[in-house]
Amino acid sequence: MSIRYQTDGYIATITLDNARRANAIDKFHALELADAWRNAWEDRAVRAIVVTGEGDRHFCGGHDLSLRDDVSDEEHHFLSLERIFRQPAGYINGMQSGIDGGMADHFPRIHKPVIAAVNGWAVGAGLYLLLASTDIRIAAIGQANFRFGLISRGWVGAGPGATLLLKQLRYVDAMNILLADTTVDAEEAVRIGLVNEAVSPDQLMARAFEIAHRIAEMPPLATIKMKEFVHRFADLPVEQAWNVQSLINSLLLHTTQDAQEGRDSFLERRDPNYTGEYSGLEGFYENASDEERARLEELKRQIDW
């Protein structure tokens, strides 16, 4: 397996495990990574995700640019044009669509919190992955480096990196990375707002999991809806975004047990116990048999229930 997926309690860990090739992503790895994101998305127990790379040199070295030796030059040229003009169903911008239907397979916008533990170089698609799919980023001092890595080869990139850099950084910092192909180390990445923290390599995973566990203590349904709000509605004008946020908040107040638990625990001066259950259906899913749960999950994907 080139992508390792593990769960421990409320935390899922996705590890790019192809250190021999700089943890680079080829088509096979991209599909494996998409499966890992999908598993984390659909696992009801998972409340936060940590993503990292194997080894201490590369978080992700970008796309694996080697070409298949069984594809002729004519076939390659033909397929490149087909990707532009006749994309297969289920593709977006030449790549299979992501689990949310809005991004490519290895750049998803998953509605659960994702913490990046950047253990080494994040270049090209590795930088895209950070920008598109992670919410909180911790970088290892002396190991983590960030580079767009494409314009120096005559490309602007087929992924969302340039757009996301301009949205997430100051214009001058983004353009320094895009136009000069500047390498940014961990401490500079903190200064420009590309990552949250820079820590020693021996503290990297511990700090990432510390944050993941802190988030996992939050009400899971409110956390999911907050991230969904940011992804889907934060670019709206303030009045419209505010209206959507208010509607989401009312939905949480009236349909989730955690909203009441938050109020009760505050008034009773005790630690809250957030379960992610729906009001009036406490224990319904948790107490169901394996067969009943499988039936519910199957029905959830249908439209005629």
Asker: If we ignore angles and hydrogens, is there a donor and acceptor under 3.5 Å between the side chains of Asp17 and Thr15?
Answerer: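 Note: Asp17 and Thr15 side chains miss the donor-acceptor criterion.
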
Asker: Could you label the plane-to-plane angle of the Trp41 and His111 rings as parallel, tilted or perpendicular, counting under 30° as parallel and over 60° as perpendicular?
Answerer: tilted

Asker: How many angstroms lie between CZ in Arg109 and CZ in Arg232, if you round to the nearest 0.5 Å?
Answerer: 12.5 Å

Asker: Could you tell me whether Lys167 and Asp235 make a salt bridge, using a distance below 4.0 angstrom between a side-chain N and a carboxylate O?
Answerer: yes

Asker: Over all heavy atoms of both residues, which pair between Thr7 and Tyr5 is shortest? Give the atoms and the distance, please.
Answerer: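 The pair with the smallest heavy-atom distance is CG2-OH, 3.6 Å.
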
Asker: Short question: side chain of Ser133, backbone of Leu130 - any donor-acceptor pair under 3.5 Å?
Answerer: no

Asker: Between the side chains of Thr182 and Asn176, does any donor sit under 3.5 Å from an acceptor?
Answerer: yes

Asker: Is the shortest side-chain N to carboxylate O distance from Arg301 to Glu298 below 4.0 Å?
Answerer: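 So Arg301 does not pair with Glu298 through a salt bridge.
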
Asker: From Leu165 CG over to Leu178 CG, what is the distance, rounded to the nearest 0.5 angstrom?
Answerer: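 The CG atom of Leu165 sits 5.0 Å away from the CG atom of Leu178.
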
Asker: So does Arg295 pair up with Glu292, basic N to acidic O under 4.0 Å?
Answerer: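 No, Arg295 and Glu292 are not salt-bridged.
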
Asker: Tell me whether Asp271 at atom CG has more than 12 heavy atoms from other residues, nucleotides or ligands lying less than 6.0 Å away.
Answerer: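 No - once you tally the heavy atoms of other residues, nucleotides and ligands closer than 6.0 Å, there are 12 at most.
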
Asker: Does a side-chain N-to-carboxylate-O contact under 4.0 Å join Arg153 and Asp181?
Answerer: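 No, Arg153 and Asp181 are not salt-bridged.
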
Asker: How far apart are the closest heavy atoms of Asn196 and Ile138, and which atoms are they?
Answerer: CB-CD1, 4.5 Å

Asker: To the nearest 0.5 Å, how far apart are OG1 in Thr134 and CG in Leu129?
Answerer: 7.0 Å

Asker: Using 0.5 Å steps for rounding, measure from the CD atom of Glu239 to the CH2 atom of Trp242.
Answerer: 6.0 Å

Asker: How about Tyr10: does its OH atom have over 12 heavy atoms from other parts shown lying under 6.0 Å from it?
Answerer: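 No, because the 6.0 Å sphere around OH of Tyr10 holds 12 heavy atoms or fewer from other groups.
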
Asker: Output yes when Glu261 and Arg270 qualify as a salt bridge under the 4.0 Å nitrogen-oxygen rule, no when they do not.
Answerer: yes

Asker: Between Asn18 (side chain) and Ile25 (backbone), is there a donor-acceptor pair under 3.5 Å?
Answerer: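 Checked: no pair found.
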
Asker: Do the side chains of Asp290 and Arg293 get close enough for a salt bridge, i.e. N-O under 4.0 angstrom?
Answerer: no

Asker: Measure the CD1-CZ distance between Ile136 and Arg207 for me, rounded to the nearest 0.5 Å.
Answerer: 9.0 Å

